[in-house]
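In the text below, chain A, chain B and the rest are named by the order of the sequence lines, each starting its count at 1.
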Amino acid sequence: MDVSNFLENFIRKESLFKNKSILQSSYNPDEIMHRDEQINNIAKVLAPALRQERPSNLFIYGKTGSGKTLSVHATIKQIQTLAQREGIPIKFIYINCKLKKVADTEYRLVAEITRHFGKSIPPTGLPTDEVYNIFYKALDQEKQTVILVLDEIDQLVKKIGDEVIYNLTRINTELKNAQLCLLGISNDIMFADNLDPRVKSSLSEEELVFPSYNALQIQDILKVRSQDAIKDGILEEGVIPKCAAYAAREHGDARRALELLRVAVELAERKGLVKITTKELDEAEEKIEKDRVLDIITTQPKQFQLVLYSILLLYDQRKQQNIIFTGEIYLLYKELCAKVNLRPLTQRRVSDVIAEFDLLGIINAKVISKGRYGRTREVSVVTNDTLNAKIKSLLEGALQLG
DNA sequence: CGAGATTCATGTGAAGTATACCTTTAGGCTTAA
DNA sequence: AAGCCTAAAGGTATACTTCACATGAATCTCGTA
């Protein structure tokens, strides 16, 4: 009865949001603030497409939440409407390379691209060459300019190397009708330094750097968006500046600032408050991190979870010197496997698993040499204790541990 | 005392294996003319 | 005879294993001052 009461109230009660979607990361605002120059530059580079000429490949750097993806999308949209009106064949393909199972191998990446042409590619079974062929054909079928946006391209290269990109940049030489333009987006400024020089030079025929927003700019953005997104007068004085300050601390991540605000309002709503204070912001910050980590963890395979569980268990035992080595992890992991009736992976594999968790940012794992005492990964946990406890109980449930 | 040589515990690359899934091909059966 | 379904054959990607070699600083060794 409490539940029905709650739900009843929920309907009656006015939402604190006017339009929540405006604060969600998928939202594309009509106007992007403080990015005019960048958008103009993108437009300049891509404009030749409107004359059926191949635009130079473009490479965009900038920290997370500096508006890269947004600006690209905005530019694309404008070009597209224009192209549509004039009947110019331009096609945009956007792929986020970060998504696991979408673009973490060469095959999967090319398959994913090809699917954007309406072809269906099986998840496995075809030779990679064949997938390339299908891609060529689909691409070259008609006279068109295709602009391929690879977001978080650094993640891709980190995983599978730069050969794919090389292949993609070279495709143009074999195309009769169509032309392909690559637009790479990277969070990692140093990324290009580790590229094969050939790849680097062809990928970044043009380069563009997105500076991070400063606290004031983030405040601007927050103000404008919150005006349309949430009810008037529910933000306590100082909430927006603090929110901006939080985000600016994290290298000016506007996306994070918006998320922070949205989650804070959600929390307030759930608590039945009518004012958002900085307290909600703090809670929101915690919740976001928690959700991010929990989300990653729950979607991992069992074996991975067990490895992580071992790490957390060891971390708890070692409060003082919270450094853990691969060998210990593997030992405990094997023990746990026996308990849960799981065939343990080899140490070789576990080594890779640990490296993957590092890449995901859930743990810190650094390869060190202990001199006479060998070589290992030095693993430490980055999450805080309350979150760890949460993760552990969650994993215990998922793995049916005692 | 200091320069090399040793050593340890794993990192790491390459090649091999199991599994899941794909396409192609060849029968075998059904169906319609 | 044409069409459709099924099963076998032949092929691939992926996750993982096996094998073998690479690492790199603490420690040891041994010649020398």
Colleague: side-chain contact (heavy atoms from CB on, under 4.5 Å) with Glu378(A): which residues, sequence neighbours excluded?
Modeller: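 Partners of Glu378(A) by the side-chain contact (heavy atoms from CB on, under 4.5 Å) criterion, ordered by chain and then number, come out as Ile323(A), Phe325(A), Lys366(A), Ile368(A).
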Colleague: How about His73(A) and Tyr94(A): are their ring centres within less than 6.0 Å of each other?
Modeller: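 Yes - the distance between ring centres of His73(A) and Tyr94(A) falls below the 6.0 Å cut-off.
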Colleague: Can you give me the first and the last nucleotide of DNA chain B (5' to 3') that has an atom within less than 4.0 angstrom of a non-hydrogen atom in chain A?
Modeller: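 Taking any atom under 4.0 Å from a heavy atom of chain A, the span is dT7(B) to dT23(B).
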Colleague: Can you tell me the distance, in whole Å, between the CD1 atom of Ile368(A) and the C1' atom of dT23(C)?
Modeller: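 So the two atoms are 13 Å apart, to the nearest Å.
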Colleague: Report, one line per pair, each donor and acceptor closer than 3.5 Å where one atom sits in a side chain of residues 20-31 of chain A; sequence neighbours left out.
Modeller:
{"residue": "Lys20(A)", "atom": "NZ", "partner": "Glu266(A)", "partner atom": "OE2", "Å": "3.2"}
{"residue": "Ser21(A)", "atom": "OG", "partner": "Asn19(A)", "partner atom": "OD1", "Å": "2.8"}

Colleague: Should the heavy atoms of other residues, nucleotides or ligands under 6.0 Å from CD of Glu53(A) be counted, would the total exceed 12?
Modeller: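 More than 12 heavy atoms, drawn from other residues, nucleotides or ligands, come within 6.0 Å of this atom.
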Colleague: Parallel, tilted or perpendicular: which one describes the rings of His34(A) and Tyr213(A), with boundaries at 30° and 60°?
Modeller: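 Plane angle over 60°, so perpendicular.
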Colleague: Just to verify, what does Tyr61(A) make a ring-ring contact (aromatic ring centres under 6.0 Å, His included) with, not counting sequence neighbours?
Modeller: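 Once residues adjacent in sequence are excluded, the partners of Tyr61(A) under the ring-ring contact (aromatic ring centres under 6.0 Å, His included) criterion are Phe59(A).
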Colleague: Please list every donor-acceptor pair under 3.5 Å in which a side-chain atom of residues 173-181 of chain A meets a protein atom from a residue at least two apart or in another chain.
Modeller:
{"residue": "Thr173(A)", "atom": "OG1", "partner": "Arg170(A)", "partner atom": "O", "Å": "2.7"}
{"residue": "Asn177(A)", "atom": "ND2", "partner": "Asp140(A)", "partner atom": "O", "Å": "2.8"}
{"residue": "Gln179(A)", "atom": "OE1", "partner": "Arg54(A)", "partner atom": "N", "Å": "3.3"}
{"residue": "Gln179(A)", "atom": "NE2", "partner": "Gln52(A)", "partner atom": "O", "Å": "2.7"}
{"residue": "Gln179(A)", "atom": "NE2", "partner": "Thr145(A)", "partner atom": "OG1", "Å": "3.2"}

Colleague: Give every pair of a protein N or O atom and an N or O atom of nucleotides 12-22 of chain C that lie under 3.5 Å apart, one pair per line with the distance.
Modeller:
{"residue": "dT12(C)", "atom": "O4'", "partner": "Gly125(A)", "partner atom": "O", "Å": "3.2"}
{"residue": "dT12(C)", "atom": "O3'", "partner": "Leu126(A)", "partner atom": "O", "Å": "3.3"}
{"residue": "dA13(C)", "atom": "OP1", "partner": "Thr128(A)", "partner atom": "N", "Å": "3.0"}
{"residue": "dA13(C)", "atom": "OP1", "partner": "Thr128(A)", "partner atom": "OG1", "Å": "2.5"}
{"residue": "dA13(C)", "atom": "O4'", "partner": "Thr124(A)", "partner atom": "OG1", "Å": "3.2"}
{"residue": "dT14(C)", "atom": "OP1", "partner": "Thr105(A)", "partner atom": "OG1", "Å": "2.5"}
{"residue": "dA15(C)", "atom": "OP1", "partner": "Lys101(A)", "partner atom": "NZ", "Å": "3.4"}
{"residue": "dA15(C)", "atom": "OP1", "partner": "Arg108(A)", "partner atom": "NH2", "Å": "3.2"}
{"residue": "dC16(C)", "atom": "OP2", "partner": "Arg349(A)", "partner atom": "NE", "Å": "3.0"}
{"residue": "dC16(C)", "atom": "OP2", "partner": "Arg349(A)", "partner atom": "NH2", "Å": "2.3"}
{"residue": "dT17(C)", "atom": "OP1", "partner": "Thr346(A)", "partner atom": "N", "Å": "3.2"}
{"residue": "dT17(C)", "atom": "OP2", "partner": "Thr346(A)", "partner atom": "N", "Å": "3.1"}
{"residue": "dT17(C)", "atom": "OP2", "partner": "Thr346(A)", "partner atom": "OG1", "Å": "2.8"}

Colleague: Think Lys91(A) forms a cation-pi with Phe117(A), using NZ or CZ under 6.0 Å from the six-ring centre and within 45 degrees of its axis?
Modeller: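 That pair qualifies as a cation-pi contact.
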